[in-house]
2 protein chains.
Amino acid sequence: MPPPRVIAPFHGEHNHRKCLDQAMQRAEAACLQQGVRLTELRRQVLSLVWENHSPTRAYDILARLKEKGRRPAPPTAYRALEFLRSAGLVHRIESLNAYVGCADPMVGHSSQFFICDRCDAVAEVHDTGVTEHLTRNAERLGLHTARHTVEIHGICTRCYHNDQT
Amino acid sequence: MPPPRVIAPFHGEHNHRKCLDQAMQRAEAACLQQGVRLTELRRQVLSLVWENHSPTRAYDILARLKEKGRRPAPPTAYRALEFLRSAGLVHRIESLNAYVGCADPMVGHSSQFFICDRCDAVAEVHDTGVTEHLTRNAERLGLHTARHTVEIHGICTRCYHNDQT
DNA sequence: GATAGAAGTGTTATACTGTAACAACCCTGC
DNA sequence: GCAGGGTTGTTACAGTATAACACTTCTATC
C-alpha cells in the first residue's frame, strides 16, 4: 500500500505567487481535459479561493468580487463554487461551510483534511489506507459509496507552542 | 485490533419503542454519571431525535416542540442539542446539519457515519482501525487532534435495489 | 454570417441554519 | 428564606443557501 500522500502540508514555506499560478495552470488543463469552460468569473473565484490555504466561505467570495467591480448576488458565488467542486478544483469543508483549493485536480481522489481550529490552516492528505478501510466498512454495511467526508480538527504544532508561551 | 463495532446498522429490524426506551434509560444513566441535568426539555428533544434513525434537523425539533405545546425559539433547540452532544447522547452530522441519537453514550468514541442519500438512514460504526489511522496521520502532520468528522455518503442496498426495479 | 439552443450569469426574493444578548425562572445549598 | 448558578424564554439579527425567472454569451449547425 502506498504511503499517505500529503497534497498540502501545514504552513509549508513557499512562494505563494508560484503556488497560485500553478493552481491556475492546472485548473486550465483540467477543464480542457474535461471539456468544461473555465470562464472569467470561475477563474476569479478560483483565484480568490487560492489567495491562501485557509478555507474560504461563499460570502467572503462575494465580498471580494464586489471589490473587483462586480455586483454579485449569492447564487453567483455558489454556482461558481459548485462548478469548481464538480471539476475537482476545490474541496468543500463540511464542518466549516467553506472551500479550499485542491492542488492536485487531475486525480480523482477522496482526501482527508486536517484542520487547525486556531489558525485555520488546512492540510490535505490522500491516504489510500483510510479510504480502503472506509470503503470496506461501507461494503460490509451494504452502502454503495458516493463520497467521503473526512475532516480532523485540532491544534497545529505552531499554534500549540504559541499557546504554551 | 478489535473488529469494527457497528453501533447502529441500516434498517435493523427492531421494536423501535424498545429502542427508544433503552436510549432514554441510557441517557438518564449517562447524565447521572456525568453529574449533569437531563431536564424535561432536554428529555423531549432527545426523544424527538430518537423518533427514528434518520438525522433530525434543529428546525424539525422546533416544529415538533411547537406541537407539544411549547413556543420555542431557535436557541431553545440549539442549546438542548448542544447539551446532548456534549454529553455524548447525540452526534452531529456535519454534512447534513443534522443530529442522530447515539446508542452507546457511555463510551467516549469517535465514530464513522454511513449515510444513505436516498432514504436518509444512518449507520454508526466505531472502527478503531480508522481512528488510529487518522490519528497517526494527524501526529505526522503535527496536529493535536480534538475531534473527527467521518461521514460516508452513498446509496444503501435496499434503495439501490429499489432503483433497479 | 445568421440563428437556434445550450450554457452561463444577473437579479430578486426568500428559505434555512445558527447565535448574541438580556430577561425571567427555578433549582440547590447554605 | 435567599443568594448564586444553571436553565429556559424572548427578541433580534447574522450567516448560509437556493428557487425562479430574466438576460446574455457561447457554440454548433446550416
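Within every chain, numbering begins at 1; the chains are lettered A, B, ... in the order of the sequence lines, protein sequences first and strands thereafter.
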For residues 76-84 of chain B, tabulate all N or O donor-acceptor pairs below 3.5 Å that involve a side-chain atom, not counting sequence neighbours.
residue: B/T76; atom: OG1; partner: B/A73; partner atom: O; Å: 3.4
residue: B/E82; atom: OE1; partner: B/R85; partner atom: NE; Å: 3.1
residue: B/E82; atom: OE2; partner: B/R85; partner atom: NH2; Å: 2.9

Listed once per pair and sorted, the salt bridge (charged side-chain N to carboxylate O under 4.0 Å, His left out) pairs that draw on residues 47-60 of chain B, sequence neighbours left out: B/E51-B/R64, B/R57-B/D60

Spacing of B/K66 atom NZ relative to D/dT10 atom P, expressed in whole Å: 11 Å

Protein-nucleotide distance (B/R42, atom CZ; C/dC27, atom C1'), rounded to Å: 12 Å

Length of the line joining B/L41:CG and D/dG6:P, which is rounded to integer Å: 18 Å

Contact list for residues 116-126 of chain B, test salt bridge (charged side-chain N to carboxylate O under 4.0 Å, His left out), sequence neighbours left out: B/R118-B/D163

A/F114 vs B/N137 side-chain heavy atoms within contact, under 4.5 Å: yes

For atom CZ of B/R70 and atom P of D/dG9, their distance in whole Å: 5 Å

Aromatic plane relationship, B/H16 with B/H53 - under 30° parallel, 30 to 60° tilted, over 60° perpendicular: perpendicular

Interatomic distance where CG belongs to B/D60 and C1' belongs to C/dG18 [whole Å]: 15 Å

Check: B/F113 ring centroid to B/H91 ring centroid under 6.0 Å: yes

N or O in side chain of B/R71 less than 4.0 angstrom from D/dG9 OP1/OP2: no

Length of the CG-P vector between B/L65 and D/dT8, whole Å: 11 Å

Bend angle of the helix from C/dG1-D/dC30 to C/dC30-D/dG1, end axes from five pairs each (to 10°): 30°

Sugar-phosphate or base contact per nucleotide [nucleotides 16-29 of chain D; S, B, -; heavy atom under 4.0 Å]: BBBBB-----S---

Length of the CD1-P vector between B/I61 and C/dC16, whole Å: 16 Å

Transitive ILVMFWY side-chain link B/Y160 to A/L141, under 4.5 Å: no

Whole-Å gap separating C1' (C/dT17) and CD (B/E94): 12 Å

Within-4.5 Å side-chain heavy-atom neighbours: A/T56 and A/I61: yes

Sugar-phosphate only, base, or nothing, as touched by B/T76 at under 4.0 Å among non-hydrogen atoms: base

Salt bridge (charged side-chain N to carboxylate O under 4.0 Å, His left out) contacts touching residues 137-156 of chain A (sequence neighbours left out): A/E94-A/R147

